[in-house]
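What you are looking at is a predicted structure, and each value in this text was computed from that prediction instead of being measured. Numbers restart at 1 for each chain; the letters A, B, ... are given by sequence-line order, proteins then strands. The figures that follow rest on heavy atoms only: side chains count, while hydrogens, waters and symmetry mates do not.
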Amino acid sequence: MKRPPFHPRVEQKWQERWEREDAFRTPDLPDGPRYYCLEMLPYPSGRIHMGHVRNYSIGDVVARFHRRRGYSVMHPIGWDALGLPAENAALAHGVHPAEWTKDNIAHMQRQLRRLGLSYDWDREFATCDPSYYRWNQWFFLRMRERGLVYRANRAVNWCPGCETVLANEQVEAGRCWRCESEVVSRELPQWFFRITEYADELLDAMEGMTGWPRKVLLLQRNWIGKSEGAEVRFRIPSLGDDGEIPVFTTRVDTIYGATALVLAPGHPAAARMAEGNDEVREYIARALAVTAAPPGAPAEKTGVRTGVPAVNPFTGEEIPVFVADYVLMDYGSGAVMCVPAHDERDHEFAVRYDIPIRRVVIPNDREAAPKGGAFTDYGTVVDSGDFSGLPTEEAKEAMARHAAESDFGGPRTEWRFHDWGVSRQRYWGTPIPMVHCDSCGVVPVPDADLPVELPRDVEITGKGGAALEKCEAWIRVDCPACGASARRETDTMDTFVDSSWYFYRYLDPTNAEAPFDPERARAWFPIDLYIGGVEHAILHLIYCRFWTRVMRDLGLCDHDEPVIRQLSQGMVIKDGAKMSKSKGNVVDPDAAVEEHGADAIRLYVLFEAPPEKEMDWTDARLAGPARFLKRLERVIPGEAPWLPETGLPAGDDAFTAGDVALRRKTHQTIRRVSRDLGERIHPNTAIAAVMELWNAALARLPQAGSGPARRAVREAVETVVSLLNPMAPHLTEELWERLGHQTPLLDSPWPECDEELAREESVLIVAQVNGKLRGRIEAPRGLGRDELIALGRANRGVARHLEGLEVFRVVTVPDRLVNFVARKPRDG
RNA sequence: GCGGAAGUGGCGGAACUGGCAGACGCGCCGGAUUUAGGAUCCGGUGGGGCGACCCGUGGGGGUUCGAGUCCCCCCUUUCGCACCA
């Protein structure tokens, strides 16, 4: 039989009160010191999962803590409401994406409220509101004016069966998720944001981002992938004017060892060489047909010899040209010089295709080991004309300079990341505010006509082209420039656009004149803490850094970085695996809250592991935090009925040593919890500290007969309730009330640590002999070295171990340790 | 393959700048109360030894009076990237 939990009444009572009193409303401009606490906004998938519970519990602790410390706290929530799943739901259940999304939001909103999260719900919005996405369109137009938007061809996944573009998620092992046709690649004109314009800035600024996890910064650094090297243009004489082939290399110092030129299968020059060469043509066709390389070890390199020579501009030497699949078209220039002696990949390829291996760098020390047959370390350049004898570093510089002076190359920087392709051939996204006119070309929609709203009456079939392309009435529009009949752009924006600036909109969610009031942004930004999963370490967290810089350049804000401190919280797993429906290991938050109460669930997810670590949900372990709460509820004041009438310690109280010890513990706990929730953001150790104080207070309970003793206990109990409040907000409010308080905890200041009371009067001195623990000595604070040594010698354990030894050195650490370094005396 | 992170009791995890290893909780053992417990309370709980003590933070070396913490090598797990020239 299940005994009724205490929580439903209590939690409901306080949630209703918070709602009635609009307790979490935040002023538009901070009133005093500000703290912007943000959690990544959820996608309204239908129900919240434990990952949400954890993320939002952590954020709520930080928000409530700062609020009670006297900060104006901005703690908003919204919905990342555009995206593919809504369209999939439309396909599966015939419900309109807007309806599906709206219903999901309503449900998930109830779930979040049930957790007692301190959000300012007045600031809530969904990114599918036209009043929000109109500003996506506005930004698009502003960026276009600044040359940050352009249109270019890019390959998309095309399903010949459904005759439609597929998102990457809709391609399963190279086949369409719905009809299983083989997906092919198709080139379409698409819209791009010129994020590479900010590449250097995004990279350099990371130096100063000390509040971000190293891991996230590293992921971003790798993703941006800056690579400094040189470009050298080789010539293929047989191609005439088109025969100039730029090559990017980070090791131009090895160019005298280049024994081939290798082109990517997609390289235009490769296509030229296929003309009249069947072997080359067939190879290219085959190589291009391979859709996506499966993950795992790189496939074996294949290639084809074109039979045509290229000229190495450094040596004037003719070298063979190959087309090979290990050269990528979308990095560098799609062509590489092949230096088998000093590059592993080139070496592997050269061995297979009989390309000569010519060594032009020798190691500086004999030990240096070749990798995969190639010597890839730095060394000294040899057999390289005038450059021979130079160390790698100098040779690189000298040779790049030479290439520039001779007009066949020069220094060059390459980036691994590319401009941000924002076009999506989908319905449920922000329409791109452009119009195609036969006579004017591509024309922007005037600001006055924003937002370009998505048409409601649309049929989502997943077949026969994008849904918007079939909305003829919506597409037809007068050209804003010449008035002639024209057609709207039917691409919508990547949903990462929506999440790149939503946290600015929270400040001013109803503004119809601008995305937000810059004055508010100045007052609230940068965000003090941004919590979310590591899975967003690169795309989202770089896009929003980019977007902030664009806004800065538009004069909308005056900071470079949107986020001061970022916390990547760990995943919630179960039985060692990520929770998922297919594995059947999902724990439903509603059921858990129903059974144990929101406070217990919150306390459990916070206590189980530090926030940045993954946590394994174990039902059995929930018992600890739940038990702790029940005990609080039972004891206060049931087992100490005098508590409500008892005051706090007064100046003239005559405390016993036990009282003083409890008070010391109380104030030490305040200090520790404040640090754990503030600087460290480790609610797990904060909770442990509160439990310790509670245990100490309980132990004092039987002895609390006198006034002073009761006042010391009251102080401890009250502190437990107060410090636990950010983690378990409902029960602590209830207990606070039971203790006789009129003002809710929410509006009561965070307790202050009285350093005087917290200070230990006596300290534990560790006594060691040769570094081994031999005794523990309780001693007054502040003893000098000689006193420590005397105390140490007097200790029984120390004395025993010093017997027959000669002390030749004593190490002392004030208030901490005395260590006798001793050895056997020498004979004679 | 490259790069990162992490290895602490039966379990989750504590341990600020090198200075009492294992806080707090789960579990387990013993006891109390109870007709009963998935309730509550008390005590115990790293391993070994009757004991004084000895051994213990993945393994091996090192620095130090002293190492979970710093340095080197190795092993394992895990997460990124995956032919980026």
For atom [atom1], what is the distance between [N] and [M], given to the nearest Å?
N	M	atom1	answer
B:C16	B:G12	C1'	22 Å
B:G68	B:G56	P	10 Å
B:C26	B:C72	C1'	39 Å
B:C71	B:U63	P	15 Å
B:U17	B:G4	P	22 Å
B:C2	B:A67	C1'	31 Å
B:G9	B:A14	C1'	13 Å
B:G48	B:G60	C1'	24 Å

Which whole-number value in Å describes the distance from [X] [atom1] to [N] [atom2]?
X	N	atom1	atom2	result
A:E300	B:A82	CD	C1'	17 Å
A:L622	B:G27	CG	C1'	15 Å
A:D676	B:G13	CG	C1'	14 Å
A:M206	B:G4	CE	P	16 Å
A:R672	B:A14	CZ	P	11 Å
A:L629	B:U40	CG	P	13 Å
A:R627	B:C26	CZ	C1'	8 Å
A:I601	B:G25	CD1	P	19 Å

Tell me what [X] touches on the nucleic acid: a base, only sugar-phosphate, or nothing, going by heavy atoms under 4.0 Å.
X	result
A:D616	nothing
A:V336	base
A:L764	base
A:D330	nothing
A:L817	base
A:V327	base
A:R221	nothing

Could you check whether [X] pairs with [Y] (Lys NZ or Arg NE/NH1/NH2 to Asp/Glu carboxylate O, under 4.0 Å)?
X	Y	value
A:D616	A:R621	no
A:E692	A:K665	yes
A:E760	A:R781	no

Phosphate OP1/OP2 of [N] contacted by [X] side-chain N/O (<4.0 Å):
X	N	result
A:R809	B:C65	yes
A:K215	B:C79	no
A:Y326	B:A85	no
A:S227	B:A85	yes
A:R631	B:G25	no
A:N770	B:G66	no
A:R774	B:C53	no

[N] pairs with which nucleotide, Watson-Crick or G-U wobble, both distances below 3.5 Å?
N	value
B:C70	B:G62
B:C16	none
B:G7	B:C75
B:C2	B:G80
B:C41	B:G31

>> What I want to check is whether the side chains of A:S568 and A:Q566 have a donor and an acceptor closer together than 3.5 Å.
In response: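 Yes.
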> Taking the inter-plane angle between the rings of A:W617 and A:Y604 on a 0 to 90° scale, is it parallel (under 30°), tilted (30 to 60°) or perpendicular (over 60°)?
Replying inline: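 Ring orientation of A:W617 relative to A:Y604: perpendicular.
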> Is it true that the NZ or CZ of A:R809 lies under 6.0 Å from the centre of A:F820's six-membered ring and within 45 degrees of the ring axis?
Replying inline: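 No; the conditions do not both hold, so A:R809 does not lie above the ring face of A:F820.
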>> Whether A:K301 engages the ring of A:Y326 as a cation-pi pair (distance to the six-membered ring centre under 6.0 angstrom, angle to the ring normal within 45°) should be assessed.
In response: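 Pair A:K301/A:Y326 counts as cation-pi.
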> Any sub-3.5 Å donor-acceptor pair from A:T249's side-chain atoms to A:R251's backbone N or O?
Replying inline: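 Judged by distance alone, yes, a pair lies under 3.5 Å.
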> Are the side chain of A:Q220 and the backbone N or O of A:A537 linked by a donor-acceptor pair below 3.5 Å?
Replying inline: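 Yes, the answer is positive, given that a donor and an acceptor are paired below the 3.5 Å cut-off.
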[X] side-chain proximity, nearest of [options]:
X	options	value
A:K613	B:C81, B:A23, B:G13	B:G13
A:N819	B:G66, B:A23, B:G13	B:G66
A:R816	B:G19, B:A21, B:A82	B:G19
A:V811	B:C20, B:G12, B:G19	B:G19
A:K301	B:G3, B:C83, B:A21	B:C83
A:A620	B:U17, B:C20, B:C26	B:C26
A:N684	B:A14, B:G4, B:A15	B:A14
A:P610	B:G13, B:G12, B:G3	B:G13

> For B:G13, does the O4'-C1'-N9-C4 (purine) or O4'-C1'-N1-C2 (pyrimidine) torsion place it in syn, i.e. within 90° of 0, or in anti?
Replying inline: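 The base of B:G13 is oriented anti (glycosidic angle more than 90° from 0).
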Within the modelled atom types, does a donor on one side and an acceptor on the other bring the side chain of [X] and the base of [N] under 3.5 Å apart?
X	N	result
A:Q768	B:G19	yes
A:R621	B:C11	yes
A:R776	B:C20	yes

> Mind checking whether A:I765 and A:L788 have side chains closer than 4.5 Å, heavy atoms only?
Replying inline: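 When only atoms from C-beta onward are counted, A:L788 and A:I765 do touch, with a gap below 4.5 Å.
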>> Using heavy-atom distances to pick each residue's nearest nucleotide on RNA chain B, tell me which of A:R675 and A:V813 is more 5'.
In response: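 Counting from the 5' end, the first nearest nucleotide belongs to A:R675.
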>> Using heavy-atom distances to pick each residue's nearest nucleotide on RNA chain B, tell me which of A:F607 and A:R634 is more 5'.
In response: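 Upstream on the strand: A:F607.
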